[in-house]
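Below is one structure, written out as structure tokens; the observations come after it.
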Amino acid sequence: MIFVMRKGATEEEIQGVVRFLEEHGLRAHLSRGVELTIIGAIGDEQVLEPLPLQALPGVERVMPVMKPYRLANRLTRPEGTVVRVGRDTTRTTEIGGPELVLIAGPCAVEGRELLRSIARSVERAGAGVLRGGAFKPRTSPYSFQGLGEEALRMLREVGDELRLPVVTEVRTVHQVEPVARYADMFQVGARNMQNYDLLLEVGRARKPVLLKRGFAARIEELLMAAEYVMSQGNHQVVLCERGIRSFEPATRFTLDLSAVPVLKRETHLPVIVDPSHAAGKAHLVPALALAAVAAGADGVMIEVHCQPEAALCDGEQALLPTTLGRLAADLAAIRRLVNEADYLRPPS
Ligand code: PEP
Ligand code: MN
């Protein structure tokens, strides 16, 4: 922790900070400049965190040296984390390894046959995880809310048929148990990124978590949300950039691709990108997906529908299965280039 004293802070105030640090078991390192005095706290910074340091007389600013996310910090696992998704009835898909992971499927599970045909097509395209919403977080309470537990059963059935692990959103603490029973990975949606009770509950479950960035959340807040999950012992967290709100209406959200290399440097957790919700329009999705892989994403999550114009949810951003197939091949090609470019690798 670094304390910057106010210009003209008195010797009494400076010594007050020194005494305060010593009382908390730390040492003070003074650096007296012509205009300002800076005091470095040496020792365990953690004990200072809950204290109102800025309120100490004569203190202008207090700056932490350590990052507030400890478990998610890249330093704790410089080699990176590989998250494994699957169960004994499916293959195991590794997210964060050398291979790019494609997560694909409909926005919402609308029915068994439709899910089956979409799932077959995404499996053919090389998807490693099938997605599909059972509990949909809709802006309007009058919109289709998802088929609930019935959808979970369909996901499981179709996932098992194709040996594909499945991911689905969990919206409330009460849904954690049923979702854990049927799905292989929890999705915590953008609107729930700071639902701390939910984060703690999925942290207590022993299933991987796909944590989406809130559309008004900073990168550090996303990392702190991951920290909540990890604080409960569940370290299998995958982060997802899905666009943030900006003043630009041409896309549904503004895809913050710079978050990808920033996150890769800051954390050992895998990072994926959802270009579908960011774009909001199908024709924009392929370009954003290719760019996401070039930016270093470990995977992409893409919404697919056989008949987008008839979809009950997010049809305007759904890719047709044929487009997904062609895109998937190009995504893999970009991934190979990224893997070879050692100047892109985060420091280890
Ligand atoms: C989704 O992926 O189904 C979804 C609702 O996304 P988000 O939480 O990012 O809006
Ligand atoms: Mn959707």
Side-chain angles (χ1 to χ4, degrees), residues 85 95 101-110 114-115 118-119 122 127 129-141 143-148 151-152 155 166-172 175 179 183 185-195 198-199 202 208-217 219 221-222 225-226 237-246 251-257 259-260 263 271-282 284-285 288-289 292 297 299-320 324:
V85 189
I95 311 178
V101 174
L102 175 61
I103 303 177
C107 176
V109 175
E110 299 175 24
L114 185 56
L115 178 65
I118 296 172
V122 307
V129 181
L130 172 65
R131 67 150 283 149
F135 303 102
K136 293 305 301 174
R138 304 303 300 275
T139 302
S140 164
S143 306
F144 175 61
Q145 303 287 306
L147 298 179
L152 293 180
L155 265 177
V166 299
V167 59
T168 196
E169 178 159 352
V170 55
R171 239 174 31 190
T172 70
Q175 291 164 359
V179 169
M185 186 180 211
F186 296 110
Q187 179 171 318
V188 173
R191 289 154 190 84
N192 265 319
M193 190 205 84
Q194 285 177 317
N195 178 341
L198 183 60
L199 296 174
V202 295
V209 179
L210 175 55
L211 178 60
K212 300 190 83 175
R213 179 180 181 185
F215 42 72
I219 293 171
E221 290 168 323
L222 172 60
V237 180
V238 175
L239 304 173
C240 180
E241 163 59 40
R242 47 78 73 213
I244 52 177
R245 264 251 152 96
S246 78
T251 49
R252 190 175 174 191
F253 295 93
T254 296
L255 187 61
D256 179 16
L257 278 184
V260 177
L263 284 167
V271 179
I272 70 160
V273 170
D274 167 0
S276 302
H277 288 89
K281 296 182 185 108
L284 298 174
V285 169
L288 296 184
V300 289
M301 177 156 85
I302 296 179
E303 288 189 344
V304 182
H305 203 283
C306 299
Q307 221 189 330
E309 66 285 0
L312 296 180
C313 185
D314 285 349
E316 58 289 354
Q317 68 198 32
L319 287 193
L320 285 166
L324 183 76

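Numbering of ligands and ligand atoms starts at 1, following listing order.
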Checklist entry - Which of the atoms of ligand 1 are close to A190, meaning less than 4.0 Å from one of its heavy atoms? => result 7 (P), 8 (O), 9 (O)
Checklist entry - What atoms of ligand 1 come closer than 4.0 angstrom to any heavy atom of E169? => result 5 (C)
Item to check | Nearest heavy atoms of A318 and V304, plus distance in Å | outcome: CB-C, 4.1 Å
Checklist entry - When you measure from the side chain of R131 to the backbone N and O of I302, does any donor-acceptor pair fall under 3.5 Å? => result no
Checklist entry - Is the shortest side-chain N to carboxylate O distance from K136 to D314 below 4.0 Å? => result no
Item to check | Where ligand 1 meets R191 - atom numbers and elements under 4.0 angstrom, heavy-atom basis | outcome: 7 (P), 8 (O), 10 (O)
Checklist entry - Closest non-hydrogen protein atom to atom 4 (C) of ligand 1, residue and atom name please, with distance? => result H277 NE2, 3.5 Å
Item to check | Within-cut-off N or O pair, Q187 and ligand 1, under 3.5 Å | outcome: yes
Checklist entry - To the nearest 0.5 Å, what is the distance between NE2 (H305) and CD1 (I118)? => result 4.5 Å
Checklist entry - Between L255 and D274, which heavy-atom pair has the shortest distance, and what is it? => result CD1-O, 4.2 Å
Next on the checklist: Please list the nearest protein heavy atom to atom 9 (O) of ligand 1 with its residue and the distance rounded to 0.1 Å.
Outcome noted: R242 NE, 2.6 Å
Item to check | Protein N, O or S atoms lying under 2.8 Å from the Mn ion (ligand 2), listed by chain and number | outcome: C107 SG, H277 NE2, E303 OE2, D314 OD2
Next on the checklist: If the cut-off is 4.0 Å to any non-hydrogen atom of G189, which atoms of ligand 1 fall inside it?
Outcome noted: 8 (O)
Checklist entry - Distance-only, no hydrogens or angles: does the S246 side chain make a donor-acceptor pair with backbone N or O of T254 under 3.5 Å? => result no
Checklist entry - Taking N or O atoms only and a 3.5 Å limit, does R131 qualify as a polar contact for ligand 1? => result yes
Next on the checklist: Looking at E221 and R213, is there a salt bridge between them, counting it only when a charged N and a carboxylate O are closer than 4.0 Å?
Outcome noted: no
Checklist entry - Do the side chains of R171 and Q145 get nearer than 4.5 Å, heavy atoms only? => result yes
